[in-house]
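This report concerns only the one structure given below.
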Amino acid sequence: MLAVQNPDEGMNFYTVEVRDRAGNVSDPQVVSFVADRSVPTVALNLTPSLISNQERSEFRFSGTDAISGIDKYECRIGDAASFASVPFVDCPNGERIESLSSGSKKFEVRSVDRAGNRSSTVGYDWLIDLSAPTVTITRMPNPYSNVVNPVFEFVGTDDSGPLARYECSVDGGAAATCSSPHTLTNLSNGARRFSVIGVDSAGNRSAPAIYNWVADTVAPTVSLTSTPSAV
């Protein structure tokens with residue numbers, strides 16, 4: 001048996017011959033093998049958004065190894081709170097697709113080369129938010145109002161943090177990005193409707209908060225229908 005100590009990285013070739021006691025030499029036999037003590041690398045190529053409103057979470061990843069090449073990938077995915085107990089499993093084709101519930105999530109992947117060397121683990125943390133935010137109007141004109149430029153104030157709440165934006169519309173018209181306080185200008189008289197929705201960081205949209213009122217800037221009239229005599 002021939003023991004090779006610390007072969008060079010990469011392809012190694014050894015020629016083996018046998019010589020008997022009479023001096024006869026066998027045909028040479030060439031033995032080759034690859035020595036690979038270098039760890040591979042792995043990188044994430046596709047991930048969900050940091051805050052996502054999608055249950056379907058898709059990851060794609062790739063690895064490199066200059067000597068023996070990548071043999072397989074190992075990954076794990078799950079809730080952040082219990083992630084330490086989640087085992088690594090084989091993830092073929094450089095991808096992992098999973099349907100998950102709401103909450104904080106974690107993903108980790110590593111590559112393994114043909115020599116059995118494992119890469120460092122690459123991780124990703126994100127939040128799945130499937131809940132719609134809520135919006136409440138906190139300031140509005142009176143149900144019958146003579147204010148020409150009424151001011152509306154509103155506030156939104158969401159379990160993933162502050163809302164990303166608000167969208168306001170008047171009388172069923174096109175919605176436009178707005179912020180609180182929001183002033184309406186040059187309203188004509190008549191029945192009016194103000195609507196506002198909130199959008200959270202994951203893209204979930206709230207139900208509209210709606211307020212109806214009557215704008216009336218026309219002064220009333222009065223007529224005397226019965227009076228005492230002039231004298």
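It should be emphasised that the depicted structure is a prediction, and the values quoted were computed from it without experimental measurement.
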Query raised in the report: After noting the C-alpha distance and the side-chain angles of K72 and D90, does the key distance pass the salt bridge (charged side-chain N to carboxylate O under 4.0 Å, His left out) rule?
Result: CA-CA 7 Å; K72 64 179 181 178; D90 288 348; 3.8 Å; yes
Report task. Applying salt bridge (charged side-chain N to carboxylate O under 4.0 Å, His left out), run through R56 and E98 and close with a yes or a no. Result -> CA-CA 6 Å; R56 184 178 186 271; E98 195 86 12; over 6 Å; no
Query raised in the report: With sequence neighbours excluded, what pairs up with S101 under the side-chain contact (heavy atoms from CB on, under 4.5 Å) test?
Result: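 Expected list: K105.
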Query raised in the report: S38: what forms a side-chain contact (heavy atoms from CB on, under 4.5 Å) with it, not counting sequence neighbours?
Result: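 Partners of S38 under the side-chain contact (heavy atoms from CB on, under 4.5 Å) test: E9, D36, I67.
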Query raised in the report: Considering all heavy atoms of both residues, which atom of S104 and which atom of L127 are nearest to each other, and what is their separation?
Result: N-CD1, 3.7 Å
Query raised in the report: Does the pair T64 and T41 meet the rule for a side-chain hydrogen bond (donor to acceptor under 3.5 Å, both in side chains), with working shown?
Result: CA-CA 5 Å; T64 58; T41 64; 2.4 Å; yes
Can you give each donor-acceptor pair under 3.5 Å made by side-chain atoms of residues 132-139, sequence neighbours left out, with the distance rounded to 0.1 Å?
residue	atom	partner	partner atom	Å
T134	OG1	T157	OG1	2.6
T138	OG1	E153	O	3.3
R139	NH1	E153	OE2	3.3

Requested in this report: Tell me, with the steps shown, if N189 and T217 meet side-chain hydrogen bond (donor to acceptor under 3.5 Å, both in side chains).
Outcome: CA-CA 7 Å; N189 289 319; T217 61; 3.0 Å; yes
Report task. Could you give me the CA-CA distance, side-chain angles and deciding distance for R60 and N45, then say whether side-chain hydrogen bond (donor to acceptor under 3.5 Å, both in side chains) is met? Result -> CA-CA 5 Å; R60 294 181 185 173; N45 307 124; over 6 Å; no
Requested in this report: Ignoring hydrogens and angles, tell me if any N or O in the side chain of N93 forms a donor-acceptor pair with the backbone of E95 under 3.5 Å.
Outcome: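 No; zero donor-acceptor contacts below 3.5 Å.
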Salt-bridged, [X] to [Y], with N to O below 4.0 Å?
X	Y	result
E108	K106	no
R96	E58	no
R114	D71	no
R205	E167	yes

Query raised in the report: In the hydrophobic clustering (ILVMFWY, side-chain contacts below 4.5 Å, transitive), which residues join F107, or is it alone?
Result: V42, L44, L50, F59, F61, I70, Y73, I77, L100, V109, V122, Y124, W126, I128, L130
Pairs under 3.5 angstrom only: tabulate donor-acceptor contacts from the side chains of residues 172-180 to other protein residues two or more places apart or in another chain.
residue	atom	partner	partner atom	Å
S180	OG	F154	N	3.0
S180	OG	F154	O	3.3

Query - disulfide bond (SG atoms under 2.5 Å apart) contacts in which one or both residues fall within residues 67-148, not counting sequence neighbours - result: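 Sorted result for residues 67-148: C75-C91.
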